[in-house]
Each structure stands twice: as C-alpha cells, then as structure tokens.
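Read the structure below first, then the notes.
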Amino acid sequence: MNKRRTLAALIGAAFALAVPAALAQQPAGYPASYAQLIEAAKKEGRLIIYSTTDTKLAGALVKDFRALYPAIQVEYNDMNSTEMYSRYVSEMASGSASADLLWNSSMDLQMKLVAEGYAAVYQSPEAASIPAWANYKGMAYGTTFEPAVFVYNKRLVPAADVPTTHAALLQLLNAKAATYKDKVTTYDIEKSGVGFLLTNHDAQQNRQFWDLAQAMGKASVRVQSSNGIMMERISSGEQLIGYNILGSYAHARAKMDPSLGYVVPTDYALVLSRVASISKAAKNPNAARLWLDYLLSKRGQTIIANDAQLFSIRADISGDGTAADLLRKHGAAIKPIPVDPTILAGMEPAKRLAFIKRWKESTAKK
C-alpha cells in the first residue's frame, strides 16, 4: 500500500479518547432505526475508503467524521481513477481485503463498476437533499458540483483575449495561433479518466468541438494528466490558457495565486460530480453508510464547500463554491453530467479508441 497517500489510523488512537462518545448521536430528522446502524458501525470500528480526492483536500472531512464517530478508524487511500478501478477489481477477483466505499471523480469509471455489479444498494436518508440526476438507484451518489472552466494567466493574457465561450476560444486560437502557440494546455485524455469524460461530453455538447480541437492542434496544445500541473504551468507563464480544468481546483488556486484567473463558460459549462458507492463486498458496510450519509449531509457539504473547496451539490448550502451560487450566476448554461449508466456509451472499447484516435489526430501539431 502507498503509505505516502494513505491517511491511516487517521487522527490517531488518542483522538478517539479525547472526543465524547455522546457526539456519535443520531442526526436530526433521520429514522429511529438509524441508531442501530450507528451501533453496528461502531462495532465494525473501521472504514476503508478508496478515493481520487487528494488526502489534503479530504482531511477536514475525515477529521470531522471522526469527531462525530470517534469509535471508527478511517483508512483513506487516494489514487488516480485508473489505478483505483484496476486495484479494486483485482482485489475483488482475488478475494483480498479492499475498499468499503469508493469516491471517484471519474464518473464513467465509477458507473462502470456499478454496471458490473460491484455496488451495494443503500437508500440514504439524505437522498432527497441532492438533485435526482445525482442518485442512481441508491448505488451511486453524486457528492460535488464542479464546473469545467477556462483558466488563464492574468498577468500575460490581455483582458480582450480572455475567452468566455467555447466559440470565443476557437476564434482566439484561429486569429492568434502564433501568439498562443505552445501556450494552451488541457488533459491528456488517454491517461486521465476525468479528461476523457469531459472531452467526450464536450463533443456531444459543442457543434464546433472538432474545429476547436483542430485549432488547438494549430496552437500545439500541451496535454497533462492532472489539474495541478496544468495550473502550475499557467501560473509560471509556460502556458497561458487551460481548457476544461476543474473549477473546484481553479477556484481554490486562484484565491492564493494572483497570477491565475478562471472563467465559467457562458455558453455551457459541463459539471462533474464525484461519485460515491458502497462496495457490495464491504467488510464494514455500516461504517460506509455513515460516511456516505455524512458526505451528503448539510454538515458534510458545508465542509466540502468551505474546507475541501470542491463545490457542494446541495441547494441549501449558500455562498461561494456551491451549486446554488453557480446556478444563480450561470443558470441554464450549467450542464451537469448525470450519475447514470448512459455516460458509459463513450467507454465502449471501440468507441473510446476511435474517439482518442480522432482527438490525437485533430490536436497533433500542425
């Protein structure tokens, strides 16, 4: 196991002794039977999470969950989406110990696991508090509301050049191909599950998508596998514009980095939601249910918005970094990707390979 990226024994055994047991009480408005679930989870005493969300971002959630349920030790393992899928499936095949719950930003890979029968059904008491599109039959729940945005270097990109729509970005790259040559970056969709998901949905949403891909090729687009690397390169000036970067990361980075700005496209903005599912083979299913309910609760979603800065999905969380704020500002331009098996269509091997081939040919240096 990768110890560097594992939050194990989490805030330490001493933490459990320091927190009053009374905190592990039944949440307000939950059915009376929920007390039995809490007791069962306390007897399990452990929870194993596989997640694509960085340990640093999830730390506040884990700490607060442990404050509520100090008897439950949490082992939080963060990894990329492809690694998580492969590791989990391999462990299931071999009968090895594995995750009780998976929390995945690559929505299509998580829905693939659901479609393959790995997810348990659980009707969360919080289900009514999230949009209907974010709950697939109690087996997969959307937990965040993260728009795909354009990121730019505020020092080096003139205000007149900052694109506010996909068409404006296309026009900019066609008109100023020499200015922005080697200065545009986006995902390597062959390596990034999130990148493939967003790019594939872009092709469905944008009639000029392949024209934009060609324009990126003329600009010798640079591809990366992570948001962090793309934003570092934009901040340094090595690149100037980033395409389809997750707004949650851009929002958090822009608060600390005066060189970075970002735009939520006004024509349409795809919205990704990190999907949580309980494993059908969970050794600690009750602890997994507590964590899922906590993620969807108003308390958990407030931390997602304010501490993890991943944009909360609940409509009753207000302020910066929330679905309510994005919908108020951008309305119908916001296009959530549904938590539904229909998003798997593009993952059929032949279709996926054909899409990647066309993308690579279109964006190849001209």
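- Between Tyr243 and Phe150, the ring planes are parallel. Angles under 30° get that label, and only those over 60° would be called perpendicular.
- Using a 4.5 Å cut-off between side-chain heavy atoms of Ile, Leu, Val, Met, Phe, Trp and Tyr, with links allowed through other members, Val184 and Trp210 fall into the same hydrophobic cluster.
- Of the candidates Val339, Leu310, Val194, Leu310 is the only one forming a side-chain contact (heavy atoms from CB on, under 4.5 Å) with Arg274.
- Under the 30°/60° scheme for interplanar angles, the aromatic rings of Trp291 and Tyr294 are found to be tilted.
- Sorted pairs that involve residues 217-236 and meet ring-ring contact (aromatic ring centres under 6.0 Å, His included), not counting sequence neighbours, are lacking altogether.
- With contacts defined as side-chain heavy-atom distances shorter than 4.5 Å, the pair Glu91/Tyr50 qualifies.
- Residues meeting the side chain to side chain contact (heavy atoms under 4.5 Å, CB included) test with Asn200, sequence neighbours left out: Phe196, Gln204, Phe355.
- Remark: the Ser225 side chain and the Asp188 side chain contain no N/O donor-acceptor pair separated by less than 3.5 Å.
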Arg253 vs Tyr262, side-chain contact (heavy atoms from CB on, under 4.5 Å): CA-CA, chis, key distance, verdict: CA-CA 10 Å; Arg253 180 71 179 260; Tyr262 74 92; over 6 Å; no
Pair Lys112-Glu116, salt bridge (charged side-chain N to carboxylate O under 4.0 Å, His left out): steps then yes or no: CA-CA 6 Å; Lys112 189 170 189 292; Glu116 290 169 345; 2.7 Å; yes
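- Note: Trp359 and Phe209 have parallel aromatic rings, judged against thresholds of 30 and 60 degrees for the angle between ring planes.
- Partners of Trp103 according to the side-chain hydrogen bond (donor to acceptor under 3.5 Å, both in side chains) rule, which considers only residues two or more places apart in sequence or in another chain, are Thr143.
- Within 6.0 Å of atom CD in Gln171, 12 or fewer heavy atoms from other residues, nucleotides or ligands are found, so the atom counts as exposed in its surroundings.
- A heavy-atom distance below 4.5 Å is found between the side chains of Lys255 and Gln309.
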Worked check of side-chain contact (heavy atoms from CB on, under 4.5 Å) between Tyr69 and Ile38: CA-CA 8 Å; Tyr69 306 110; Ile38 294 174; 4.2 Å; yes
